[in-house]
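Here's the structure we're looking at; comments come further down.
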Amino acid sequence: MTGINRRELGMGLGAAALGASLIGSTTATAQTAPAAMPRDDLSFPPDFLWGCATAAYQIEGGVKEDGRGTTNWDIFSHTPGKVANGDTGDVACDSYHRYQDDIALLKALGVKAYRFSIAWSRIFPDGKGRPNQKGVDYYNRLVDGLLAAGITPHATLFHWDLPAALPGGWQNRDTAYAFADYAGYMAGRLNDRVKHFMTVNELRCFTDLSYMTGGKAPGLKLPMGEVNQIRHHGVLAHGLGVQAIRTATKTGTQVGIADNPSIFVPAIETPEHIDAVKKAVREENAMFLTAILEGRYIDSYLTAQGKDAPKVRDGDMKLIGAPLDFLSVNVYTGNTVRADASQPSGYKILPHPGQAPRMPSPWLYVTPEVIYWGMRAISENWKPKALYISENGCSADDTVAADGKVYDTDRVMYLRNYMTHLQRASREGLPVKGYFVWSLMDNFEWEDGYTKLFGIHHVDFKTQKRTPKLSADWYRELVRTNKLV
Ligand code: NOJ
């Protein structure tokens with residue numbers, strides 16, 4: 001049944017199995033017929049891009065080397081009480097020195113792509129001014145090593161490690177312009193070899209969680225008017241970054257963003273609840289992705305914020321809404337939404353029930369369907385040219401067995417379930433082009449330090465030895481066969 005899947009033929013698994021056994025019953029191979037059952041409806045397109053993801057501050061270490069400047073996360077992690085156990089990214093996975101080991105891990109997995117981030121403070125130690133060639137050289141070495149191993153680099157320009165010398169951080173509009181200068185400069189330096197650039201990672205995290213709830217650097221709890229302005233500076237940085245990257249690079253370069261929009265699962269798969277999910281995805285991301293993909297702040301957001309709405313200058317929204325070549329989405333979790341005519345919005349977001357399954361990170365409810373419904377709502381709302389899952393994965397309570405291996409069956413279960421729904425998205429024709437596991441290896445998990453580990457490779461932080469977990473073996477097999485089995 002090459003090229004035709006069972007659903008297109010109107011056959012569910014039961015019907016296919018029944019068909020196989022009926023055919024088999026007329027032959028001498030009746031007992032073996034089910035084993036020959038076609039499995040091609042669980043496969044991914046031949047050019048599907050499998051990859052792994054990391055970020056600079058979480059893996060590099062080497063924080064004082066080769067002229068790197070201090071960042072907000074250096075300061076935050078060294079502030080007592082901010083990060084679990086007082087952990088820092090000072091050494092992390094030591095990838096600044098061991099990047100060749102990381103490339104070897106990727107090669108052994110057989111993945112085609114690697115998503116990493118560039119530390120702004122290695123390139124411009126003070127956030128702006130004179131570039132630091134030694135910092136550029138590190139990413140040249142990394143990119144050259146990846147290409148030599150046949151792995152396509154996908155670079156994120158800002159994954160939360162903000163040069164501390166920039167006055168006011170994201171409270172200051174000037175930071176958006178400094179970001180654009182850095183993004184254009186770095187994209188220009190790498191563009192002969194790097195064709196995929198993401199401006200920023202997870203707007204909500206480096207704005208709301210950093211300046212409103214304060215769990216992430218710089219750990220502030222500001223009033224809503226200021227938070228909305230910071231959000232605006234975040235989306236503006238993205239827009240200015242897109243413009244700068246396009247100016248600095250050649251045709252054929254793909255520019256996008258890696259965001260974590262709030263995404264949802266319909267209470268029941270019926271038109272009214274599916275519509276409610278579409279609406280919720282648009283409304284709940286009004287200050288971030290919706291602004292970027294529509295080039296405006298929608299009325300419901302402006303009305304709800306009233307006097308706290310962001311101050312927008314002429315031309316800002318056009319920059320923010322600049323067309324993108326792809327949209328990357330970090331997918332971890334999502335609530336259920338149901339249509340509710342009694343709500344002004346027309347929908348209600350349901351809280352997770354007390355016993356709902358979740359992984360050790362307290363926010364990480366296991367909701368595999370959200371990868372399908374999220375991509376579907378985004379596609380129907382905004383018709384992006386291409387979608388990537390730029391992160392998906394989970395923390396798990398890993399233990400090292402006597403043979404030195406981590407048998408993380410829970411992580412395998414998590415990944416397999418999410419990918420089943422990703423495969424549905426692909427099978428139904430949504431423009432999902434690739435998937436990056438978070439993360440290649442255990443690393444510094446921000447305010448959770450090293451207490452919540454997301455790697456498919458175990459890292460012994462004393463020796464820096466990397467060991468594939470069961471989930472890495474499982475992922476290697478998925479990449480090899482290009483199908484879920
Ligand atoms: C998303 C972030 O981009 C990444 O840095 C983080 O480690 C993972 N989520 C897991 O929390």
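First listed ligand is number 1; within each ligand, the first listed atom is number 1. Note that this is a predicted model, so its numbers are computed, not measured.
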- Message: Looking at K216 and D208, is there a salt bridge between them, counting it only when a charged N and a carboxylate O are closer than 4.0 Å?
- Response: no
- Query: When you measure from the side chain of R193 to the backbone N and O of D144, does any donor-acceptor pair fall under 3.5 Å?
  - Reply: no
- Query: Do any N or O atoms from the side chain of D408 and from the backbone of S471 form a donor-acceptor pair under 3.5 angstrom?
  - Reply: yes
- Item | For S117, all residues meeting side chain to side chain donor-acceptor pair (under 3.5 Å), sequence neighbours excluded | none
- Message: Do Y211 and Q171 pair up side chain to side chain, a donor and an acceptor below 3.5 Å, judged on atom types alone?
- Response: no
- Task: For ligand 1, would you mind listing the residues that have at least one heavy atom less than 4.0 Å away, ordered by chain and number?
- Result: Q58, H159, W160, N201, E202, N330, Y332, W363, E391, W438, E445, W446, F454
- Query: For the side chain to side chain contact (heavy atoms under 4.5 Å, CB included) test, which of N330, V329, L422, L415 pairs with N392?
  - Reply: L415
